[in-house]
**Student:** 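Once you've had a glance at the structure underneath, I'll fire off some questions.
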Amino acid sequence: MTGPNVPEAVAESQTAETKTGADAPPLQLRGVDRIYERGGETVRALQDVDLTVRAGEFVAVVGPSGSGKSTMLNTLGLLDTPTSGDVFLDGDEVSDLDDEARTRLRKEYIGFIFQDFYLLPTLTALENVLLPTVYDADREATDRGRGLLQRVGLGDRITHRPTELSGGQKQRVAIARSLINSPEVLLADEPTGNLDTDTGRQVLGEFERVCEEGVAVVAVTHDELVTEYADRTVELVDGRLEDRR
Ligand code: ADP
Ligand code: MG
């Protein structure tokens, strides 16, 4: 795992004070509200949400459709900005960063597994894994990509295209891709989606292994299977976060 890149990006943006410490959690939300206004309608997707995720911890966020799960994950992944409240990565407040700094953090600090696989159909499994490195792909990155595909059990599928892969295999390519830049934080939206139970367990086993290496993992889901693998489960109810157990 490379060192955190957050302070650098924050320093470059010159907007936030640096208070990074060895004890700073990799991920934290404090008092986060997200209000969407659309056509005169107001949706309070997140309300006063507090969440702290430690290094090596796997947190499952469960809740019914529309409870704010994707909004919360997108906020953690700097794809959405809170209406009010703070987002801390490695102790630095990042919700005010400019687009360029956010893009850098997304690339260097955060691995994201989207609800759909988002694999490019014309590319092979390996080429899809290498996508995040496309501006600086080299021999070393390619070796790392091959290693990651082997690690997720797809060593013999490296040159297959998505149409030649099952749903579980596609999700494992997406996991390998999320790890290509050695993130400190891994965020997953409905990672077991439409997968059957056995395939879902394989995917969740990968998350367990990633946690053991010290990565902070957050998965938002309606699938109770995920909670079996998580260190901690919290629940979103109408945009409010509650402890589950
Ligand atoms: P979940 O992932 O739990 O199904 P979401 O976070 O996608 O829930 O959505 C939470 C609420 O916010 C829903 O009522 C949804 O319609 C609304 N919402 C999400 N994104 C937007 C947006 N960009 N504009 C307006 N409303 C949105
Ligand atoms: Mg969702």
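Basis for what follows: all heavy atoms, side chains included, without hydrogens, waters or symmetry-related copies. We count ligands from 1, going down the list as the structure has it; atoms in each ligand are counted the same way.
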**Student:** Please determine, by modelled atom types, if T81 and R102 share a side-chain donor-acceptor pair under 3.5 angstrom.
**Tutor:** yes
**Student:** S65 heavy atoms, cut-off 4.0 Å: which ligand 1 atoms fall inside?
**Tutor:** 4 (O)
**Student:** Please assess R104 against Y109 for the test side chain to side chain donor-acceptor pair (under 3.5 Å), listing each intermediate value before the final yes or no.
**Tutor:** CA-CA 8 Å; R104 277 192 48 199; Y109 189 81; over 6 Å; no
**Student:** Is R157 salt-bridged to E164, cutoff N-O under 4.0 Å?
**Tutor:** no
**Student:** Can you pull out every salt bridge (charged side-chain N to carboxylate O under 4.0 Å, His left out) where at least one residue sits in residues 36-54? Sequence neighbours excluded, please.
**Tutor:** R54-E57
**Student:** Please test R151 against E213 for salt bridge (charged side-chain N to carboxylate O under 4.0 Å, His left out), starting from the C-alpha separation and ending with a verdict.
**Tutor:** CA-CA 13 Å; R151 169 188 164 145; E213 291 164 10; 3.2 Å; yes
**Student:** So does Y118 get a backbone contact from the side chain of D116, meaning a donor-acceptor N/O pair under 3.5 Å?
**Tutor:** no
**Student:** Are L51 and L78 in one and the same hydrophobic cluster, where Ile, Leu, Val, Met, Phe, Trp and Tyr link if side-chain heavy atoms are under 4.5 Å apart?
**Tutor:** yes
**Student:** Tell me the protein heavy atom at minimum distance from atom 7 (O) of ligand 1, and give that distance in Å.
**Tutor:** S70 CB, 3.7 Å
**Student:** I need the atoms of ligand 1 closer than 4.0 Å to a non-hydrogen atom of K69, numbered in the order shown.
**Tutor:** 1 (P), 2 (O), 3 (O), 4 (O), 6 (O), 8 (O)
**Student:** Does G63 have a heavy atom less than 4.0 Å from any atom of ligand 1?
**Tutor:** no
**Student:** Please say whether V43 places an N or O atom under 3.5 Å from an N or O atom belonging to ligand 1.
**Tutor:** no
**Student:** Is there a continuous path of hydrophobic side-chain contacts, each under 4.5 Å between heavy atoms, that joins Y36 to M72?
**Tutor:** no
**Student:** Considering non-hydrogen atoms only, spot the tightest contact between V32 and P82 and give its length.
**Tutor:** CG1-CB, 3.9 Å
**Student:** Does an N or O anywhere in A45 fall below 3.5 Å from an N or O of ligand 1?
**Tutor:** no
**Student:** Consider ligand 1: state whether an atom of it lies below 4.0 angstrom from any non-hydrogen atom of P64.
**Tutor:** yes
**Student:** How are the rings of F114 and F112 set relative to one another: parallel (under 30°), tilted (30 to 60°) or perpendicular (over 60°)?
**Tutor:** parallel
**Student:** Just to verify, which of D80, T71, T75 counts as forming a side-chain hydrogen bond (donor to acceptor under 3.5 Å, both in side chains) with R34?
**Tutor:** D80
**Student:** Please report which non-hydrogen protein atom sits nearest to atom 19 (C) of ligand 1, along with the residue it belongs to and the distance in Å to one decimal place.
**Tutor:** Y36 CE1, 3.4 Å
**Student:** So which heavy atom in the protein is nearest atom 8 (O) of ligand 1, and how far is it from that ligand atom?
**Tutor:** G68 N, 3.3 Å
**Student:** Tell me: protein heavy atom nearest atom 1 (P) of ligand 1, and distance?
**Tutor:** G66 N, 3.5 Å
**Student:** Note the single closest protein heavy atom to atom 9 (O) of ligand 1, along with its residue, its atom name and the distance in Å.
**Tutor:** T71 OG1, 3.9 Å
**Student:** Please confirm whether the backbone N or O of V87 pairs with a side-chain atom of E93, one donor and one acceptor, at under 3.5 Å?
**Tutor:** yes
**Student:** Would you confirm whether any non-hydrogen atom of the protein falls under 4.0 Å from atom 4 (O) of ligand 1?
**Tutor:** yes
**Student:** Quick one: give me the number of protein N/O/S atoms under 2.8 Å from the Mg ion (ligand 2).
**Tutor:** 1
**Student:** State whether any protein heavy atom lies less than 4.0 Å from atom 15 (C) of ligand 1.
**Tutor:** no
